[in-house]
Colleague: 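Quick one: the structure is below, and I'll ask about it shortly.
Small disclaimer: the values here were computed from a predicted structure and weren't measured.
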Amino acid sequence: MSAPHTLDVRLHEELAGAGLSAAERDRVVDLCDFVVAMVPGSGLPHPARTTRSAVHLLVGTDVPALDAQVRGAIARLCEVAAVRGLD
């Protein structure tokens with residue numbers, strides 16, 4: 001299983017009980033995929049922290065109904081995916 005696919009599966013698992021619509025869940029996954037793909041090759045310092053912060057900001061702004069704890073969990077998943085990949 002590829003890292004992007006693994007990330008999507010884990011994100012959907014994390015979002016399953018979040019009470020979001022299917023469109024909102026898909027939007028969160030799309031935002032996470034975008035950040036994970038963009039940050040590592042951007043040359044920005046601290047790619048792990050940058051990824052996590054970007055996910056928190058973008059998802060919090062675009063899907064404000066998402067619980068802060070769930071948002072934190074998906075930000076951590078994205079941080080790991082961006083820096084180490086997912087097994």
Side-chain angles (χ1 to χ4, degrees):
M1 193 178 302
S2 68
H5 179 72
T6 302
L7 176 61
D8 289 357
V9 169
R10 290 188 180 174
L11 289 169
H12 279 288
E13 288 172 355
E14 195 66 46
L15 293 168
L20 299 176
S21 69
E24 288 172 318
R25 286 191 307 272
D26 289 344
R27 182 69 180 146
V28 170
V29 172
D30 289 345
L31 287 169
C32 290
D33 286 344
F34 171 75
V35 172
V36 169
M38 180 202 55
V39 170
S42 68
L44 292 169
H46 313 290
R49 189 176 342 143
T50 301
T51 299
R52 190 172 181 170
S53 297
V55 169
H56 266 289
L57 177 65
L58 290 172
V59 172
T61 301
D62 207 45
V63 188
L66 184 61
D67 180 73
Q69 288 182 326
V70 175
R71 191 170 65 242
I74 64 167
R76 283 188 295 281
L77 282 172
C78 294
E79 174 183 27
V80 170
V83 176
R84 294 188 325 203
L86 291 171
D87 298 328

Colleague: Is there side-chain contact between L77 and V55, with at least one heavy-atom pair below 4.5 Å?
Modeller: no
Colleague: For D67, check side chain to side chain donor-acceptor pair (under 3.5 Å) against everything at least two apart and list the hits.
Modeller: none
Colleague: Go through the structure and list residues passing salt bridge (Lys or Arg N to Asp or Glu O under 4.0 Å) with R27, not counting sequence neighbours.
Modeller: D62
Colleague: Starting from L20, can I reach F34 by hopping between I/L/V/M/F/W/Y residues whose side chains sit under 4.5 Å apart?
Modeller: yes
Colleague: Where do V39 and P47 come nearest, in terms of heavy atoms and distance?
Modeller: CG1-O, 3.6 Å
Colleague: If you round to the nearest 0.5 Å, how far is CZ of R71 from CG of L15?
Modeller: 12.0 Å
Colleague: With H46, which residues qualify under side chain to side chain donor-acceptor pair (under 3.5 Å), at least two apart?
Modeller: R49
Colleague: Listed by chain and number, what are the side-chain contact (heavy atoms from CB on, under 4.5 Å) partners of T61, not counting sequence neighbours?
Modeller: L57
Colleague: Restricting to non-hydrogen atoms, name the atom on T51 and the atom on C78 that form the minimum distance, rounded to 0.1 Å.
Modeller: CG2-O, 3.5 Å
Colleague: Give, for atom CG of D26 and atom CG of D8, the distance between the pair rounded to the nearest 0.5 Å.
Modeller: 9.5 Å
Colleague: Under the side-chain contact (heavy atoms from CB on, under 4.5 Å) test, which residues partner A73, sequence neighbours left out?
Modeller: E14, R76
Colleague: Residues two or more places apart in sequence or in another chain: which of them pass side chain to side chain donor-acceptor pair (under 3.5 Å) with E24?
Modeller: S21
Colleague: For a side-chain contact (heavy atoms from CB on, under 4.5 Å) with D33, tell me which candidate from V36, V29, L31 qualifies.
Modeller: V29
Colleague: Check whether M38 and L44 end up in the same hydrophobic cluster, where Ile, Leu, Val, Met, Phe, Trp and Tyr are linked by side-chain heavy atoms less than 4.5 Å apart.
Modeller: no
Colleague: Can you sort out the partners of A54 under side-chain contact (heavy atoms from CB on, under 4.5 Å), two or more places apart, ordered by chain and number?
Modeller: V35
Colleague: Kindly write out the residues that satisfy side-chain contact (heavy atoms from CB on, under 4.5 Å) with A48, not counting sequence neighbours, or none if the list is empty.
Modeller: E79, V83
